[in-house]
Amino acid sequence: MTDQPRDTEILPPRYDFTTIEARWQAYWLTHKTFRTSSDPTRKKAFVLDMFPYPSGAGLHVGHPEGYTATDIYSRFLRMNGYNVLHPMGWDAFGLPAEQYAIQTGTHPAKTTQVNINTFRRQIQSLGFSYDWDREVDTTDPTYYKWTQWIFLQLFKKGLAYQAEIPVNWCAALGTVLSNEEVIDGKSERGAHPVVRVPMRQWMLKITAYGDDLLNSVETLDWPEGIKAMQRNWIGRSEGAEVDFTVVGDAGTLRVFTTRPDTLFGATYMVIAPEHPLVAKLTTPAQKVAVEAYVEAARHKSERDRQAEVKEKSGVFTGAYATNPLTGKDVPIWIADYVLGGYGTGAIMAVPAHDDRDFAFAQQFGLPIIQVVSKDGTRWQEHPQQALTEYGVAVNSGRFDGLATLDVKKQVTDWLVAEGIGERKVNYKLRDWVFSRQRYWGEPIPVFYPVISAVDGGKMREVGLTASNVADLVEQGSWQIDYTTSHAVPESELPLTLPPTDDFLPTGNAEPPLAKCHDWRFFQQNGRWYARETNTMPQWAGSCWYYLRYIDPHNPDALASPEALKYWLPVDLYVGGAEHAVLHLLYARFWHKVLYDLGVVPTAEPFQRLINQGMILGEDGEKMSKSRGNVINPDDVLKEHGADTFRLYEMFMGPLEQVKPWSTRDIVGSKRFLQRVWNLFEKPYVDDAPDAAILRVQHRLVKKVTEDSHVLRFNTAISAMMIALNELAALPALPRETAEAFVLVLAPYAPHLAEELWAKLGHAPSVGLAPWPTFDEALCVDDTIEIPVQVNGKLRGKLQVKKDTPADELARMALADPAVMKWTEGKEVLKVIPVVGRMVSVVVKG
RNA sequence: GCCGGAGUGGUGAAAUGGUAGACGCGACGGACUCAAAAUCCGUUGGGCUUAACGCCCGUGAGGGUUCAAGUCCCUCCUCCGGCACCA
């Protein structure tokens, strides 16, 4: 082994990816090869990745998948003359850094910087063509200045408000979570228990944009599934609110229904346990039972409630209300299958035509009256289930025989005319709980007056320190007047986080910032004020980062209007489907607010969206530490190099598809690059390629061009492999063909392409060289093979000139011996020649 | 239950309604080598066969449209993702 020195005269040098990749990565960085600037004279493309949260675990093999796709696309567009904005940044506020800080005592700012550096190094080692001068970091005060600025615009428009509402409190995380962050009654992060408790919170009125967010979903070039999820989450439903008069009491009980046509079948009513009228409606005889039920419902977790979907629970209040259509009195029940937070928190129950009401009525023996029928006939027996589909009205007095849609309209008209109801649209979407009781987030730029608990006057005491004020507030002799919120003046932004070491949660609902007295309390014109100590959720920074990329160093605006006009909207946005609701809905909301303010010129931020499919472990399961099936990108890079890694991830299958990693298969991509290297070790000739080689070349360029346009990178790579297989057989390589090959390879394996481009005698960078062209006519062989089918089965093949006309094809097909075997003695009914494609013969007998 | 998406060789996959399985992996056979690795060449959907020629079957199941269906239509099954007491 050791006594056999490598004979460099005979063996071609191996493809040395380590040296090549280091060389070109350094070149691109120092020369800022891919730096971008606005240029209104050029066509633009904004190609965006969902920026990562820089976790301590480092890059995952899932990250490079989307990043490689956008990088190939960006490089492809650049070579095709586009001015491409392709940036990267860090979504660096958030719970994990803070959790880590709590465990280790390391300040989150420090952890975050370390993690960002790791991520940047890893991302750069993949050779992506980002414009690093545009890197953004959501935790940078010059960045979050504008996050706070946007919050102030929301505040001024009345879209940010405080409310004392039941929120999703997660004790383990020490913070509240938005509805979107709670999955199955547990926190999205960490799966910790979540309970509903009332707390003062900052809210964003996303519901004000419900219709807008819903309607413009239609204009987006997004995957159908994501659009459906957005529609679903917004959950618009049209119906009516109806007043029922409570018996023996002048009051009314208002319900929301989407089926006013079934009012005749409303045989009882249900109010939520949280409903404000519970106490008033409950009769003395039922008081004990109702109070016990309400108390039990309050202590049920979300999870408990969901566990009993099949089994309903409830208690009769003792009260009755009058059905306005039938005039009959119906009992009012209280049950937790009616949600306090949706509609009016009360329903009219129509057990015959609603599954939930049916189950409840069955369980408690309440009457079930059919008022809709599929065919006009009535049930002869007790029904087994509710009929929820539309049909025609029965048992509905003057509406009998009318179709459901007509009954809906007429009943609603009647309710409106009588003044006991109105048309109403409801949304599942709730306002966004925007405050978090954590340290590592953007401070909410709001403050409140500190007032005396004794006389309510504003404090003018002199000679006090912030600590004194904190003590007085603690003792309760002074109070913070949360009802009077003042915005921090825009000129004072950013309101920076105090650099405290005491960032641990307080153990109760009070945020860590409350402990920073010198930051929290300040005096102005002799009066004391207290800053808001809640911070913003992680989603805030990611709601608008794509805008900052457009003009990242602008000190006077989040971005200049000219730059925004040039670059918006994002032409391609690639990221994981896990952000289908949260990030994409929030970002769209902020964008629409900014659009209404005239800050951004488009109604939607992300015109086209693609979700890359998850990369699974080799066992076909989701990668996770506990399964031990995690592939570390650093290891792959070290062993195979960045070009191989990129190529393999794209060759695995369609971008959108979920696919398992295969350590075995990746060698195929590496072999390909090695063989490309070997190909360019051949001598070059300057003669024009002959027709056969020219055909290989033009087919290659055509296929890669077309597939790159539509992001079908797997088939583009396959086309390169096919071309390589053909060219590898040649003794020498025509220069023209060699150059075309390097150029189409460049977006996919950029390091190797730069190396070969230099080897061909060109100056860098191949990434900025013009894309090669192809001639459709040169892609087709002069003679082509035409299959002949007889009765749908392949029976023969014709070798013909490519332009052979239809009648000639038909004649040749019928004269072909292989075909004649199947037509002999049979009647030829029809011959269908398709020029350049095939001939189909139909025979009988 | 509802909403999305997908079912093709041993395997990742490919196929404007027009020769199903390109390309890659693996496997098998061969070359090179003392040998191995690497590399190169060949074969590789299943079955039948007089095995050179050739035939039958085959894209989750069943129907339909068409000269022609993996592709379009209907019914069903399975898997994946999301939502789920929202009246």
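Here is the naming used below: chain letters follow the sequence lines, and residue numbers restart at 1 for every chain. As the structure is a prediction and not an experimental result, all values here were calculated from the model.
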TODO: Could you please name the option among B:U39, B:A87, B:A13 that lies closest to any side-chain atom of A:I347?
DONE: B:A87

TODO: Return the value, rounded to whole Å, for the distance between atom NZ of A:K408 and atom P of B:A87.
DONE: 10 Å

- [ ] Starting from C1' on B:G4, measure out to CH2 on A:W222 and report it in whole angstrom.
- [x] 15 Å

Open item on the list: Does A:R671 reach a base, just sugar-phosphate, or nothing at all? Heavy atoms under 4.0 Å.
Closed with: sugar-phosphate

Task: Side chain of A:W822 - closest among B:C25, B:U16, B:C55 - done: B:C55

Open item on the list: Applying the Watson-Crick and G-U wobble criteria at under 3.5 Å, what pairs with B:U8? Answer none if nothing qualifies.
Closed with: none

TODO: Scan A:K830 against the nucleic acid and name what it touches under 4.0 Å (heavy atoms): base, sugar-phosphate only, or nothing.
DONE: sugar-phosphate

- [ ] Report which part of the nucleic acid A:R795 touches: base, sugar-phosphate, or nothing (heavy-atom distance under 4.0 Å, all strands).
- [x] sugar-phosphate

- [ ] Measure from the side-chain heavy atoms of A:R675 and tell me the nearest of B:A14, B:U19, B:C40.
- [x] B:C40

TODO: Give one of base, sugar-phosphate or nothing for A:M838, where a contact means two heavy atoms less than 4.0 Å apart.
DONE: base

Task: Atom P, compared across B:G4 and B:G9: separation rounded to whole Å - done: 27 Å

TODO: Identify whether any heavy atom of A:P660 sits under 4.0 Å from a base atom; if not, whether one sits that close to sugar-phosphate; answer base, sugar-phosphate or nothing.
DONE: nothing

Open item on the list: For a side-chain contact (heavy atoms from CB on, under 4.5 Å) check, start with the C-alpha distance between A:V372 and A:T262, then their side-chain angles and the critical distance, and finish with the verdict.
Closed with: CA-CA 7 Å; A:V372 180; A:T262 61; 4.0 Å; yes

- [ ] May I ask which nucleotide in the shown strands pairs with B:U43, Watson-Crick or G-U wobble, both distances under 3.5 Å?
- [x] B:A27

- [ ] Could you pick out which residue, A:V667 or A:V842, lies toward the 5' side of RNA chain B when each is mapped onto its nearest nucleotide?
- [x] A:V667

Open item on the list: Could you check whether A:D261 pairs with A:R259 (Lys NZ or Arg NE/NH1/NH2 to Asp/Glu carboxylate O, under 4.0 Å)?
Closed with: yes

TODO: Could you work out which one of B:A13, B:C25, B:G18 sits closest to the side chain of A:D665?
DONE: B:C25

Open item on the list: Work out how far the C1' atom of B:C23 is from that of B:C76, and round it to whole angstrom.
Closed with: 35 Å

Open item on the list: Under 4.0 Å, heavy atoms only, any strand: does A:K227 hit a base, just the sugar-phosphate, or nothing?
Closed with: nothing

Task: Shortest side-chain distance from A:K793, nucleotide among B:C85, B:C57, B:G10 - done: B:C57

Task: Closest nucleotide among B:A87, B:C25, B:U19 to the A:L339 side chain - done: B:A87

Task: Candidate nucleotides B:C3, B:C67, B:C23, ranked by approach to the side chain of A:S840 - the nearest - done: B:C67

TODO: Classify the glycosidic conformation of B:G9 as syn or anti, calling it syn when the angle lies within 90° of 0.
DONE: syn

Open item on the list: Can you tell me how far apart CD (A:E578) and CG (A:L584) are? Round to the nearest 0.5 Å.
Closed with: 10.0 Å

- [ ] Tell me what A:S237 touches on the nucleic acid: a base, only sugar-phosphate, or nothing, going by heavy atoms under 4.0 Å.
- [x] sugar-phosphate

Open item on the list: Are A:F651 and A:F672 an aromatic pair, judged by ring center distance below 6.0 Å?
Closed with: no

- [ ] Please report, rounded to the nearest Å, how far the C1' atom of B:C23 is from the NZ atom of A:K703.
- [x] 11 Å

TODO: Starting at atom CD of A:Q789, determine the distance to atom P of B:A68, rounded to an integer number of angstrom.
DONE: 9 Å

TODO: With a 3.5 angstrom cut-off on both distances, give the Watson-Crick or G-U wobble partner of B:G81, or none if there isn't one.
DONE: B:C3

- [ ] Indicate yes or no for a side-chain donor-acceptor contact from A:T317 to the backbone of A:I332 under 3.5 Å, with no hydrogens or angles considered.
- [x] yes

Task: Separation between the P atoms of B:A22 and B:U11, rounded to whole Å - done: 15 Å

Open item on the list: Donor-acceptor pair, distance only, cut-off 3.5 Å: does the side chain of A:K670 make one with the backbone of A:E639?
Closed with: yes

TODO: Between B:G10, B:A14, B:U19, spot the one nearest the side chain of A:R664, thanks.
DONE: B:G10

- [ ] Could you check whether A:T257 gets within reach of a base, just the sugar-phosphate, or nothing at all, counting any heavy atom under 4.0 Å?
- [x] sugar-phosphate

- [ ] Look at the side chain of A:N725 and decide which nucleotide, out of B:G24, B:A22, B:C25, has an atom nearest to it.
- [x] B:G24

Task: Length of the CG-P vector between A:D261 and B:A87, whole Å - done: 14 Å

Task: Any donor-acceptor pair under 3.5 Å from A:D643 side chain to A:Y748 backbone - done: no

Task: Who pairs with B:A36 - Watson-Crick or G-U, where each distance is under 3.5 Å - done: none

TODO: For B:G46 and B:A35, measure between their C1' atoms and round to the nearest Å.
DONE: 38 Å

Task: A:K227 NZ: over 12 foreign heavy atoms closer than 6.0 Å - done: yes

Open item on the list: What's the closest nucleotide to the side chain of A:V834 if the choices are B:G82, B:G18, B:G10?
Closed with: B:G18

Task: Between B:C40 and B:C32 - C1' atom distance, rounded Å - done: 8 Å

Open item on the list: I need the CG-C1' distance between A:N791 and B:A68, as an integer number of Å.
Closed with: 11 Å

Open item on the list: Need one value for A:I832: base, sugar-phosphate or nothing, where a base atom within 4.0 Å counts as base even if backbone is also close, heavy atoms only.
Closed with: base

Task: Counterpart base for B:G58, defined by Watson-Crick or G-U wobble contacts under 3.5 Å - done: none

TODO: Scan A:N714 against the nucleic acid and name what it touches under 4.0 Å (heavy atoms): base, sugar-phosphate only, or nothing.
DONE: sugar-phosphate

Task: d(CG, A:N678; C1', B:A38) in whole Å - done: 11 Å

TODO: Would you mind telling me which residue lines up with the more 5' stretch of RNA chain B, A:W233 or A:Y342, judged by nearest nucleotide?
DONE: A:W233

- [ ] Determine the interatomic distance between C1' on B:U8 and the same-named atom on B:A20; round to the nearest Å.
- [x] 8 Å

Open item on the list: Within the 4.0 Å heavy-atom criterion, would you say A:E785 contacts the bases, only the backbone, or no part of the nucleic acid?
Closed with: base

Open item on the list: Could you tell me how far apart A:L673 (CG) and B:U39 (P) are, to the nearest whole angstrom?
Closed with: 13 Å

Task: Polar side-chain atom of A:T412 near backbone of A:K408 as donor-acceptor pair, under 3.5 Å - done: yes

Open item on the list: Between B:C72 and B:U16, how far apart are the two P atoms, rounded to whole Å?
Closed with: 11 Å

Task: Base partner of B:A68, which must satisfy Watson-Crick or wobble distances under 3.5 Å - done: none

TODO: Using the P atoms only, state how far B:A38 lies from B:U44, rounded to an integer number of Å.
DONE: 23 Å

